[in-house]
Amino acid sequence: MPIKRLSQSGLLTFEKYSSMLAGNTAYIPPAFELLETQIVGATPLSSVIFSNLNSSYASTYQHLQIRLVLRGSLGSQVVSMQINGDTGNNYAYHGTAGEIEGNVRDVRSFNGSSLNSIFRVSAQGHTSTGVFGVGIVDILDAFETTKNKTIRSLAGQNIPADDSIAIFSGLYLSTSAINSITIFRAGSNFVAGSRLSLYGLRNS
Amino acid sequence: MPTGTYIALANTTLTATDTEVTFSSIPQTYRDLAIAIDGTFSGTDVRIRINGLTTSIYNWVYAQGTGGVGTSEAIGPTNLGIGWGGLTSGNRITALLNFMDYSTTDKHKTVLIRNSEFNEAVIMTSGRIATTDAITSITFRIQNAGGSYQIGSNFTLYGIAS
């Protein structure tokens with residue numbers, strides 16, 4: 001005979017809840033989520049592209065973050081970022097860096113109006129193969145269509161006689177939602193072990 | 001499928017002064033670590049070490065603004081700097097540390113630090129620790145003997161997947 005009531009089940013002690021949570025706290029998903037990761041394998045890559053971002057993520061996320069661990073095939077290099085494949089003169093950036101080159105230490109500021117330069121990566125020529133440059137890039141309101149796009153980054157590398165730490169502010173003069181992001185360094189490749197991870201910050 | 005991450009792994013708020021604070025047995029299931037610090041420190045030169053390593057493997061460069069001309073400097077070698085500390089000037093450190101690829105074994109360990117130090121400076125730091133070992137512990141210490149982390153200082157460790 002099926003038991004239809006808990007009071008008829010033979011259980012002597014039990015507790016009834018009016019909520020499906022049954023006394024548990026509600027699960028609230030993290031607001032910071034991993035979306036994609038690309039790791040460079042044995043074949044060096046001249047660029048890494050995150051694509052179809054608007055169609056995949058615009059409805060869920062407000063901001064994007066890219067966390068980078070990169071090593072270039074040439075000497076110390078500035079890495080650039082291109083949005084939506086736009087090669088026009090629609091970018092601007094400002095940066096401040098602390099740099100040690102040889103025995104010279106310096107804090108300097110710089111700016112540009114072409115592609116967004118985001119940071120420098122370590123040199124392939126360094127004797128230790130485990131040396132990589134790192135950076136964290138935040139892209140704010142990535143999918144808003146009423147705002148030009150703004151970017152900030154913090155990045156560094158530590159190579160003997162060529163250390164740097166830099167903070168950048170970038171602008172992409174377009175109100176289009178971001179659909180693709182290309183990370184590259186003209187004339188150079190990212191080598192094995194380089195890692196680029198894309199994260200989204202939820203909009204609600 | 002997106003993966004929720006930036007997961008709180010450990011949190012410590014000091015109820016007594018201490019000369020060192022250590023996160024140990026750090027799980028290896030994440031790719032990056034973030035550590036948020038909000039605290040005050042007697043003594044000067046707030047530093048970190050990983051895996052208890054005291055050899056000359058720490059390379060770091062910082063740049064700071066103090067309201068005057070900015071400065072930068074590369075320093076080493078037996079630990080890695082976060083900020084200045086020192087209670088005499090009422091310093092309070094609020095810093096965010098990001099260890100990149102901490103659990104991998106094919107790279108030197110790297111860290112990016114942003115530190116806002118009241119009454120002193122705003123500082124950004126890039127560090128490389130010349131070991132390919134995964135990070136299993138991180139110790140916060142005061143470089144100058146006699147210094148300590150003060151009551152109420154908070155340290156929170158987060159894991160970030162990739």
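Just the heavy atoms: all of them, side chains too, but no hydrogens, waters or symmetry mates, feed the values below.
B/Met100 approaches A/Leu68 most closely through the heavy-atom pair CE-O, 3.8 Å. Taking all atoms of both residues into account, the shortest heavy-atom contact from B/Leu112 to A/Ala155 is CD2-C, 3.8 Å. Heavy atoms only, all atoms of each residue included: B/Ala63 and A/Val107 are closest at CB-CG2, 4.3 Å. Residues B/Leu33 and A/Arg67 come closest through the heavy atom pair O-NH2, 4.5 Å. Looking at every heavy atom in both residues, A/Asn158 comes nearest to B/Arg128 through O-NE, 2.5 Å.
Neither the backbone nor the side chain of B/Thr132 comes within less than 4.5 Å of any heavy atom of chain A. With a 4.5 Å cut-off on non-hydrogen atoms, B/Thr125 touches chain A through its backbone but not through its side chain. If you measure heavy-atom distances from B/Ile129 to chain A, you find no contacts under 4.5 Å at all. Contact annotation for A/Ala192: neither backbone nor side-chain heavy atoms come within less than 4.5 Å of a heavy atom of chain B.
A distance of 9.5 Å separates CG of B/Leu96 from CG of A/Leu154, quoted to the nearest 0.5 Å. Taking OG1 of B/Thr5 as the start and CD of A/Glu33 as the end, the distance is 9.5 Å to the nearest 0.5 Å. Expressed to the nearest 0.5 Å, how far OH of B/Tyr6 lies from CG of A/Leu34 amounts to 14.0 Å.
Each of B/Asp106, B/Ile160, B/Thr104 has some count of heavy-atom pairs under 4.5 Å with chain A, and the biggest count is that of B/Ile160. Your options are A/Ile165, A/Thr60, A/Thr37, A/Ile167, and the one with the most heavy-atom pairs under 4.5 Å with chain B is A/Ile165. Your options are B/Thr110, B/Asp32, B/Ile7, B/Asn98, and the one with the most heavy-atom pairs under 4.5 Å with chain A is B/Asp32. For the set B/Gln64, B/Arg114, B/Arg31, the count of heavy-atom pairs under 4.5 angstrom toward chain A peaks at B/Arg31.
Within residues 195-204 of chain A, the residues having any heavy atom under 4.5 Å from a heavy atom of chain B are, by residue number, A/Arg195, A/Ser197, A/Tyr199. Contact residues of residues 38-50 of chain A toward chain B are A/Ile39 (heavy-atom distance under 4.5 Å).
A/Asp163 places none of its side-chain heavy atoms less than 4.5 Å from the side chain of B/Ser126.
Judged purely by atom type and a 3.5 angstrom limit, B/Lys107 has no side-chain atom pairing as donor or acceptor with the backbone of A/Phe132.
Scanning for side-chain hydrogen bond (donor to acceptor under 3.5 Å, both in side chains) contacts around A/Asn84 gives an empty result, with sequence neighbours left out.
Within the structure, salt bridge (charged side-chain N to carboxylate O under 4.0 Å, His left out) contacts touching residues 41-52 of chain A (residues at least two apart or in different chains) do not occur.
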